[in-house]
Student: 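Encoded as structure tokens, here's the structure I'll be asking about.
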Amino acid sequence: IGFQMGADRTNAGSGHFVEHSVAQYNGQIGFEGVCNDCYFIDNTVRYNNARGYDIGWEAGGMKLVFSSRNLVRRLRAEGNRGPGLWFDTDASDNVVEGSYFLGNWFAGVFLELNAQHNLVQHNVVPLTVRPSVFPPDAPGSRLPLPPVPNHTPVRNTIVNHDRNRLSTPHLPP
């Protein structure tokens, strides 16, 4: 893991500012943890999960669990073997804006398991990779489309998704 904060609900991080940071080519994931009232501004997570962890569990660019009231602004998530940004388990009232999610596996932005009241706006999500291990009707291939209840996607651009490409450029073998 490139950067980890807060291990669980009891030991969550709070009030952190993570700015102008890069997490790339990590074995499992770039940024991961539990954080409330945190700011992630102008960060890059790219080419993570170089060791091939299960992308349906915990791998990719950035994953926040049990995390609320965070701002993710101008994140660049590129070529991760897993979602570019993943909010999981009771993640609520987060804002994701002005970010770029290029060529991530399964989802550019993935909102899962009781995540609610999240605002996802003004993002660009091109070339999401859909590995064949996922059924074609599995949720989360891009942003939550059709919209997941209790989330607000606003003016996002989602283009040119490849449902069955099995490799991501620039990752080591």
Side-chain angles (χ1 to χ4, degrees), residues 1-13 18 23 26 28-38 40 43 45-46 48-49 52-73 75-97 99-154 156 158 161-163 168:
I1 295 170
F3 180 83
Q4 184 173 31
M5 72 219 95
D8 54 39
R9 285 183 194 215
T10 306
N11 300 300
V18 181
N26 290 287
Q28 183 177 7
I29 198 164
F31 291 179
E32 187 261 347
V34 183
C35 206
N36 297 303
D37 303 303
C38 296
F40 300 91
N43 295 301
V45 289
R46 63 180 162 223
N48 292 293
N49 194 13
Y53 282 82
D54 181 353
I55 64 173
W57 177 247
E58 188 170 291
M62 181 175 177
K63 183 175 183 180
L64 297 175
V65 182
F66 306 119
S67 298
S68 297
R69 300 172 310 280
N70 295 295
L71 173 63
V72 178
R73 180 179 286 152
L75 174 68
R76 182 174 181 95
E78 180 179 347
N80 294 290
R81 287 183 179 166
L85 174 61
W86 188 346
F87 283 107
D88 193 2
T89 314
D90 300 329
S92 64
D93 302 306
N94 297 291
V95 175
V96 180
E97 64 185 11
S99 296
Y100 187 68
F101 300 94
L102 172 65
N104 297 286
W105 282 26
F106 184 61
V109 178
F110 187 31
L111 306 172
E112 185 190 24
L113 197 57
N114 300 325
Q116 56 184 324
H117 306 292
N118 295 292
L119 173 62
V120 181
Q121 65 180 358
H122 308 290
N123 300 289
V124 177
V125 187
L127 299 172
T128 297
V129 177
R130 183 70 162 201
S132 60
V133 297
F134 289 99
D137 60 345
S141 62
R142 306 166 222 11
L143 291 172
L145 296 174
V148 175
N150 300 316
H151 295 295
T152 308
V154 176
N156 297 286
I158 304 164
H161 293 281
D162 181 353
R163 293 191 166 272
T168 302

Student: Going through the checks in order, is the side-chain contact (heavy atoms from CB on, under 4.5 Å) test met by Met62 and Asn43?
Tutor: CA-CA 10 Å; Met62 181 175 177; Asn43 295 301; over 6 Å; no

Student: Can Val18 and Cys38 be said to form a side-chain contact (heavy atoms from CB on, under 4.5 Å), step by step?
Tutor: CA-CA 8 Å; Val18 181; Cys38 296; over 6 Å; no

Student: Measure the spacing between OG of Ser99 and CZ of Phe40 and express it to the nearest 0.5 Å.
Tutor: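 The OG atom of Ser99 sits 12.0 Å away from the CZ atom of Phe40.
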
Student: Once you round to the nearest 0.5 Å, how far does CG of Asn114 lie from OG of Ser92?
Tutor: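 Taking CG in Asn114 and OG in Ser92, the distance rounds to 10.0 Å.
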
Student: Side chain of Glu112, backbone of Trp86: donor and acceptor closer than 3.5 Å?
Tutor: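 Looks like no, no N/O pair under 3.5 Å.
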
Student: Can you see which heavy atom on Val34 is nearest to which on Ala12, and at what distance?
Tutor: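 In this case the closest contact between Val34 and Ala12 is CG1-CB, 3.4 Å.
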
Student: Take Leu111 and Val120 through the test side-chain contact (heavy atoms from CB on, under 4.5 Å) and record every step on the way to the result.
Tutor: CA-CA 10 Å; Leu111 306 172; Val120 181; 4.2 Å; yes

Student: Should Leu64 and Met5 be marked as a side-chain contact (heavy atoms from CB on, under 4.5 Å) after you check the CA-CA gap, both sets of side-chain angles, and the distance that decides it?
Tutor: CA-CA 9 Å; Leu64 297 175; Met5 72 219 95; 4.1 Å; yes

Student: Only counting residues at least two apart or in another chain, list the ones meeting side-chain contact (heavy atoms from CB on, under 4.5 Å) with Asn26.
Tutor: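 For Asn26 the side-chain contact (heavy atoms from CB on, under 4.5 Å) partners, ignoring immediate neighbours, are Ala23, Asn48.
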
Student: With no hydrogens and no angle check, is any side-chain donor or acceptor of Asn70 less than 3.5 Å from a backbone partner on Cys35?
Tutor: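 Looks like yes, one N/O pair under 3.5 Å.
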
Student: Looking at residues at least two apart in the chain, or sitting in another chain, which of them share a salt bridge (Lys or Arg N to Asp or Glu O under 4.0 Å) with Glu97?
Tutor: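 Per chain and number, Glu97 pairs via salt bridge (Lys or Arg N to Asp or Glu O under 4.0 Å) with Arg73.
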
Student: Measure across Ala59 and Pro83 and return the closest heavy-atom pair with its distance rounded to 0.1 Å.
Tutor: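 What the structure gives for the nearest pair is O-CD, 3.6 Å.
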
Student: Considering all heavy atoms of both residues, which atom of Val96 and which atom of Phe101 are nearest to each other, and what is their separation?
Tutor: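 Looking at all heavy atoms of both residues, the shortest contact is CG1-CZ, 4.0 Å.
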
Student: Measure the spacing between CH2 of Trp105 and CG of Asn49 and express it to the nearest 0.5 Å.
Tutor: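 Going from CH2 on Trp105 over to CG on Asn49, the span is 8.0 Å.
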
Student: Among all residues two or more places apart in sequence or in another chain, which pass the salt bridge (Lys or Arg N to Asp or Glu O under 4.0 Å) test with Asp93?
Tutor: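 Asp93 satisfies salt bridge (Lys or Arg N to Asp or Glu O under 4.0 Å) with no other residue.
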
Student: Considering non-hydrogen atoms only, spot the tightest contact between Glu58 and Tyr53 and give its length.
Tutor: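 Residues Glu58 and Tyr53, closest heavy atoms: O-CB, 4.4 Å.
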
Student: Could you check whether any side-chain N or O of Asn94 sits under 3.5 Å from a backbone N or O of Val72, counting only pairs where one atom can act as donor and the other as acceptor?
Tutor: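 Answer holds: no.
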
Student: For His122 and Asn156, which heavy atoms make the closest approach, and how far apart are they?
Tutor: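 Looking at all heavy atoms of both residues, the shortest contact is N-OD1, 3.4 Å.
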
Student: Could you check whether any side-chain N or O of Asn104 sits under 3.5 Å from a backbone N or O of Ala77, counting only pairs where one atom can act as donor and the other as acceptor?
Tutor: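 Side chain of Asn104 to backbone of Ala77, a donor-acceptor pair under 3.5 Å: yes, one is there.
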
Student: Can you tell if the side chain of Leu75 reaches within under 4.5 Å of the side chain of Val45, non-hydrogen atoms only?
Tutor: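 Answer yes - side chains close enough.
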
Student: Measuring from Thr89:OG1 to Lys63:NZ, what's the distance to the nearest 0.5 Å?
Tutor: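 Reported to 0.5 Å precision, the distance equals 6.5 Å.
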
Student: Please identify each residue that fulfils ring pair (Phe, Tyr, Trp, His ring centres under 6.0 Å) with Phe31, with sequence neighbours left out.
Tutor: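 Phe31: ring pair (Phe, Tyr, Trp, His ring centres under 6.0 Å) contacts with Phe3.
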
Student: Kindly write out the residues that satisfy side-chain contact (heavy atoms from CB on, under 4.5 Å) with Asp8, not counting sequence neighbours, or none if the list is empty.
Tutor: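 side-chain contact (heavy atoms from CB on, under 4.5 Å) list for Asp8, sorted by chain: Thr10, Asn11.
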
Student: Please name the pair of heavy atoms, one in Ile1 and one in Glu32, separated by the smallest distance, quoted to 0.1 Å.
Tutor: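 In this case the closest contact between Ile1 and Glu32 is CD1-OE1, 3.6 Å.
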
Student: Who passes side-chain contact (heavy atoms from CB on, under 4.5 Å) against Asp37, sequence neighbours left out?
Tutor: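 Listed in chain order: Arg69.
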
